[in-house]
Amino acid sequence: LGTNHPDYAVLLRNLAALYMKMENYDKVQPLLIEALAIYKNKFGELNPQYAKTRYELGTYHFAVGNYSAAKDFLYEALEIQRVTIDKYHPDITSTYEFLAMTYWHQDSIISANNYYKMALDNYIYQINTYFEAMNDAEKTLFWNDVHPRFMRYFNFVAQNYDEIPEISAQAYSYHVQTKALLLNSSRKVRDRIINSDNPFLIAKYQQWQDLKNYTAKLYVLSNDELKERNINFDSLIQVVERLEKDLTLYSIDFKLASEQKNISYQNIKNSLTNDESAIEIVRVDKYDKLKELDECFYVFLVAQNSSTNPKILIFDDGKNMETANSAEYEKAIMSGKDMDNFYKYYWKGVDEIIKNTKTLYLSLDGIYNQVNINTFLLPNGKYVIDDKKTYFLTNTKDLIDFKQNSKKPQNIVGQTAVLIGYPDYLLDLPPDFSFVTPLPGTKVEVDNIAAILKKNNWKLRIFTEENATEANVKAVLD
């Protein structure tokens, strides 16, 4: 093929990418400049691959700290991309992100935030539009690529939320829209529709699914490539949107899933009463430019009805929180003693932000899934569980459904319930082992609840004392 062929340019760029990964920066720029010349001679400058190579030169200059040159190359790439590829294309999204990081490292925080918003809005669009159509392997690859970008953004947020107050609301919205993305699949909705015995609904859904699969494969193509294949991409998207409107009319599950995609901080804040707070805890990997460090920190995003933007609290010593402090907690919780330190490690400052809160909704992340917030001893001598009525949610956007469902009339007659309480804390432990004080009040609670349910003809299974075991809980769940 020779050294003037575009395929040779691809090899040059791949080699440059390898040297970038190895941080062998001296060898990167000559390879990219050679590739750039090949594309220019073959296609001219108004070409997506020429633009992508200019973008790669921008990322090289960013990596070596030459931010002015990085910005020049990135802007040149962006001008070409805006006329050669779709506005949501992954290449243009990456250019926005690197412009954001370049401005950030030049201390131009407002400009950095503007480009970050363009980049992450694009990623949210890609998630909402194409993610469902991917198979499991494609979803994993996509998330492995996108997740570090959101982590770098949270590093930016942690450093600059004082300067840009609204950034905390953006961060909250992005987090709830992406949290547990790989687990939030559309499989349940699909299964309910396919098993609905409604041929019209099933046909509409399959048509929508097929078209989504098709458009997911097209969105990475350039405008010229779409034109060569005689594909009107905008028209296809319009057809998809019409099918989605039809499906929301015929399937409540599809409608609710669609509405869940766009829930933001504002929606969650507005669902709260004046004596309620919702907290998203976010574990964030620390970054030095593009390099992930062996460190992390935790961000608390606190939503309250009275706050235009969520309040932010940062626990910076994530490594100790996940190692030494966690080991200390495990030892203390087993003995029931020495619980004083964990407020300082995991909760200090949070209680001040939520001091007027009676009901707390919490969505956990990282080490907070292994330490029990309810067991933290507050400076006033109370435990969190005694101070607040606490609900744990997978994602605080679930609060919207939780509140709506709680208002619906419930059928409380003739159901089945399992009650577990008043466990024997000494069960299977040696006689001299320190133990948590028995809680006889929990037996009273079980008895009172059982009495109410029996009056309403509920079928009951009750596990107390030596029968209130982990094995029986798991058996019930199975």
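Everything quoted here is computed from the prediction, not taken from an experiment.
Within the 3.5 Å criterion, the main-chain N or O of Ile373 finds no donor-acceptor partner in the side chain of Tyr346. Although no hydrogens or angles enter the test, the distance criterion places a donor-acceptor pair under 3.5 Å between the side chain of Asn267 and the main chain of Ser264. The backbone N or O of Ile452 sits less than 3.5 Å from a side-chain atom of Asn456, completing a donor-acceptor pair.
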Open item on the list: Evaluate Gln170 against Lys117 for side-chain hydrogen bond (donor to acceptor under 3.5 Å, both in side chains), listing each step before the verdict.
Closed with: CA-CA 8 Å; Gln170 289 175 201; Lys117 190 171 187 311; 5.8 Å; no

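Distance check, rounded to the nearest 0.5 Å: NE2 of His61 to CD of Glu56 gives 12.5 Å. Ile314 CD1 to Phe154 CZ: the interatomic distance, rounded to the nearest 0.5 Å, is 10.5 Å.
Remark: aromatic rings of His175 and Phe150 are distant, center separation not under 6.0 Å. Between Tyr153 and Tyr287, the gap from one ring centroid to the other reaches at least 6.0 Å. Aromatic ring centres of Phe376 and Phe342 lie farther apart than the 6.0 Å criterion allows. Phe315 has its ring centre less than 6.0 Å from the ring centre of Phe300. Taking the six-membered ring for Trp and the full ring otherwise, the centers of Tyr55 and Phe73 sit at least 6.0 Å from each other. Between Phe156 and Tyr116, the ring centre distance stays below 6.0 Å.
The pair Glu295-Lys319 does not meet the salt-bridge criterion, since no charged nitrogen lies less than 4.0 angstrom from a carboxylate oxygen. With respect to Arg283 and Asp285, a salt bridge is recorded, a charged nitrogen being found less than 4.0 Å from a carboxylate O. Ionic pairing of Glu276 and Lys358 is not present here: no N-O contact between side-chain nitrogen and carboxylate oxygen is shorter than 4.0 angstrom.
Here the side chains of Asn122 and Glu97 are not in contact, with every heavy-atom distance at 4.5 Å or above. Looking at Phe392 and Asn374, their side chains come closer than 4.5 Å, going by heavy atoms from C-beta outward. Leu78 is listed as a side-chain neighbour of Tyr96, based on a closest heavy-atom distance under 4.5 Å. Proximity of Asp121 to Tyr174: side-chain heavy atoms (C-beta onward) are separated by under 4.5 Å at one or more points. A heavy-atom distance below 4.5 Å is found between the side chains of Ser196 and Ile202.
Looking only at atom types and distance, the side chain of Asn395 has no donor-acceptor partner in the side chain of Asp398 under 3.5 Å away.
The minimum heavy-atom distance linking Ala112 with Trp104 is given by the pair CB-N, 3.5 Å. Minimum heavy-atom separation, Leu399 to Ser271: CD2-OG, 3.6 Å. The minimum heavy-atom distance between Lys269 and Asn305, with the atom names listed, is NZ-O, 2.8 Å. When every heavy atom of Lys179 is checked against every heavy atom of Leu364, the shortest pair comes out as NZ-O, 2.7 Å.
Under the side chain to side chain contact (heavy atoms under 4.5 Å, CB included) test applied with Tyr172, the options Val157, Ile268, Val299 reduce to a single match, Ile268. The residue from Thr93, Asp86, Asp91 that alone fulfils the side chain to side chain contact (heavy atoms under 4.5 Å, CB included) condition with Gln81 is Asp91. Between Leu453 and the options Thr416, Leu460, Asn448, a side chain to side chain contact (heavy atoms under 4.5 Å, CB included) holds for only Leu460.
Taking the six-membered ring where the residue is Trp, Tyr205 and Trp208 present tilted rings, their angle falling between 30° and 60°.
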